[in-house]
Amino acid sequence: MKIIEISTDKKSYLPLLLLADEQEDMIDRYIDSGTMFVLDDDGIKSVCIVTDEGGGILEIKNIAVAPEFQGKGYGRLMIEHLADKYKKDFSVLQVGTGDSPLTVPFYEKCGFVRTHIVENFFTDNYDHPIYECGVLLKNMIYLQRKLH
């Protein structure tokens with residue numbers, strides 16, 4: 001297994017990226033400015049894009065695991081890789097996600113704590129309603145994990 005930084009042809013990973021952010025024009029906002037990683041374990045299992053938000057904050061803008069490999073630890077491995085790689089350069093790893101019973105507990109199990117909410121983020125910024133586990137996503141929940 002290896003995690004590789006991708007600097008060219010990032011759009012070739014769009015099918016995986018769309019699992020975590022289902023509107024392409026939203027991905028376009030960060031794909032070029034972000035740093036992309038893929039986890040290869042006899043094939044690509046996971047993809048992630050992070051951005052420097054300033055003030056020592058590194059933000060996960062997109063992290064996705066191929067559906068057939070979800071629940072096997074690949075998402076957690078990617079997060080641990082980021083935490084280790086960036087602990088000298090950033091003090092906080094941050095993520096914004098929908099208030100979903102699937103994603104929020106995952107991040108909390110990875111050591112993140114809720115910090116703030118951006119109300120109506122999904123309803124204001126997406127051109128269609130987004131549901132996860134039968135829940136309409138409205139607010140963006142931000143969680144942070146201290147890196148040192």
Side-chain angles (χ1 to χ4, degrees), residues 1-118 121-122 124-128 130-133 137 139-148:
M1 185 205 72
K2 57 189 173 187
I3 296 177
I4 308 157
E5 185 172 331
I6 303 297
S7 56
T8 60
D9 201 23
K10 293 178 180 180
K11 281 276 193 152
S12 67
Y13 298 94
L14 191 60
L16 259 180
L17 293 167
L18 286 166
L19 293 174
D21 193 344
E22 60 184 60
Q23 191 166 301
E24 187 174 349
D25 71 326
M26 294 297 281
I27 293 170
D28 288 342
R29 294 181 182 190
Y30 54 79
I31 194 168
D32 290 331
S33 62
T35 304
M36 178 185 274
F37 297 92
V38 296
L39 187 153
D40 186 337
D41 188 16
D42 292 323
I44 303 302
K45 305 294 192 274
S46 178
V47 64
C48 180
I49 298 176
V50 294
T51 58
D52 180 347
E53 296 299 305
I57 298 173
L58 181 71
E59 185 167 332
I60 297 171
K61 291 291 191 179
N62 189 311
I63 184 169
V65 176
E68 61 272 27
F69 301 106
Q70 291 175 2
K72 300 188 184 313
Y74 290 115
R76 181 183 291 270
L77 283 169
M78 183 69 81
I79 287 172
E80 293 308 320
H81 172 78
L82 296 172
D84 186 59
K85 178 177 179 57
Y86 288 107
K87 66 186 175 193
K88 291 182 179 126
D89 300 316
F90 293 89
S91 57
V92 171
L93 183 58
Q94 172 174 281
V95 64
T97 188
D99 196 3
S100 159
L102 182 65
T103 55
V104 172
F106 165 74
Y107 289 115
E108 290 173 336
K109 286 177 188 170
C110 290
F112 289 78
V113 295
R114 294 176 192 232
T115 57
H116 60 285
I117 294 172
V118 176
F121 178 85
F122 291 99
D124 290 347
N125 289 285
Y126 285 79
D127 63 10
H128 63 284
I130 299 175
Y131 291 88
E132 192 168 293
C133 298
L137 302 184
N139 302 329
M140 175 82 80
I141 309 299
Y142 276 92
L143 301 101
Q144 293 184 342
R145 173 177 163 174
K146 292 190 185 319
L147 295 179
H148 54 80

Undergrad: Output yes when a side-chain donor or acceptor of Arg114 lies under 3.5 Å from a complementary backbone atom of Val104, and no otherwise.
TA: no
Undergrad: To check you understand the geometry: which heavy-atom pair defines the closest contact between Tyr142 and Val118, and what is its length?
TA: CE1-CG2, 3.6 Å
Undergrad: From Asn62 CG over to Thr97 OG1, what is the distance, rounded to the nearest 0.5 angstrom?
TA: 10.5 Å
Undergrad: What pair of heavy atoms forms the shortest contact from Ala20 to Ile63, and how long is it?
TA: CB-O, 3.3 Å
Undergrad: How many angstroms lie between OG1 in Thr51 and CD1 in Ile31, if you round to the nearest 0.5 Å?
TA: 12.5 Å
Undergrad: Just jot down the side chain to side chain contact (heavy atoms under 4.5 Å, CB included) partners of Pro105, sequence neighbours excluded, or say none.
TA: none
Undergrad: For Gln23 and Ile130, run side-chain contact (heavy atoms from CB on, under 4.5 Å): C-alpha distance rounded to whole Å, both residues' side-chain angles, the deciding distance at 0.1 Å, then the answer.
TA: CA-CA 10 Å; Gln23 191 166 301; Ile130 299 175; 6.0 Å; no
Undergrad: Which residue, Asp42, Asp41, Asp40, forms the side chain to side chain contact (heavy atoms under 4.5 Å, CB included) with Met1?
TA: Asp41
Undergrad: Taking the side chain as every heavy atom from C-beta outward, state whether Val50 and Tyr86 have any pair of such atoms under 4.5 Å apart.
TA: yes
Undergrad: Could you state the interatomic distance from CG (Leu18) to CD1 (Ile27), rounded to the nearest 0.5 Å?
TA: 4.0 Å
Undergrad: Show, in sequence, the C-alpha distance, side-chain angles and deciding distance for Lys61 and Glu53, and conclude whether the side-chain contact (heavy atoms from CB on, under 4.5 Å) test is met.
TA: CA-CA 10 Å; Lys61 291 291 191 179; Glu53 296 299 305; 3.5 Å; yes
Undergrad: Under 4.5 Å between any side-chain heavy atoms of Ile79 and Phe106, yes or no?
TA: yes
Undergrad: Between CD1 of Ile6 and CD1 of Ile44, what distance do you get to the nearest 0.5 Å?
TA: 6.5 Å
Undergrad: So, taking the atom named CZ in Phe69 and the one named NZ in Lys45, what distance separates them when rounded to the nearest 0.5 Å?
TA: 4.0 Å
Undergrad: Taking C-beta and beyond as the side chain, do Glu24 and Lys11 meet within less than 4.5 Å on heavy atoms?
TA: yes
Undergrad: Which pair of heavy atoms, one from Ala64 and one from Leu19, lies closest together, and at what distance?
TA: CB-CB, 4.1 Å
Undergrad: Please name the pair of heavy atoms, one in Met78 and one in Ser46, separated by the smallest distance, quoted to 0.1 Å.
TA: CE-OG, 3.8 Å
Undergrad: Give me the atom names and distance for the closest heavy-atom approach of Leu77 to Ile3.
TA: O-CD1, 4.1 Å
Undergrad: Give me each pair satisfying ring-ring contact (aromatic ring centres under 6.0 Å, His included) with a member in residues 41-60, each pair once, sequence neighbours excluded.
TA: none
Undergrad: Hey, what do you get for CG (Asn139) to CZ (Phe122), rounding to the nearest 0.5 Å?
TA: 9.0 Å
Undergrad: For Glu22 and Glu132: C-alpha separation, side-chain torsions, deciding distance, then whether side-chain contact (heavy atoms from CB on, under 4.5 Å) applies.
TA: CA-CA 11 Å; Glu22 60 184 60; Glu132 192 168 293; over 6 Å; no
Undergrad: Is there a side-chain contact (heavy atoms from CB on, under 4.5 Å) between Leu137 and Tyr126 once you walk through the steps?
TA: CA-CA 10 Å; Leu137 302 184; Tyr126 285 79; over 6 Å; no
Undergrad: Looking only at atom types and distance, does a side-chain atom of His148 sit under 3.5 Å from a main-chain N or O of Phe90, one as donor and one as acceptor?
TA: yes
Undergrad: Check Phe112 against Leu93 and note the closest heavy-atom contact, atom names and distance.
TA: CE2-O, 3.3 Å
Undergrad: Can you spot which of Glu80, Glu108, Glu59 makes a salt bridge (Lys or Arg N to Asp or Glu O under 4.0 Å) with Arg145?
TA: Glu80
Undergrad: Who are the side chain to side chain contact (heavy atoms under 4.5 Å, CB included) partners of Glu5, not counting sequence neighbours?
TA: Thr35, Phe37, Lys85
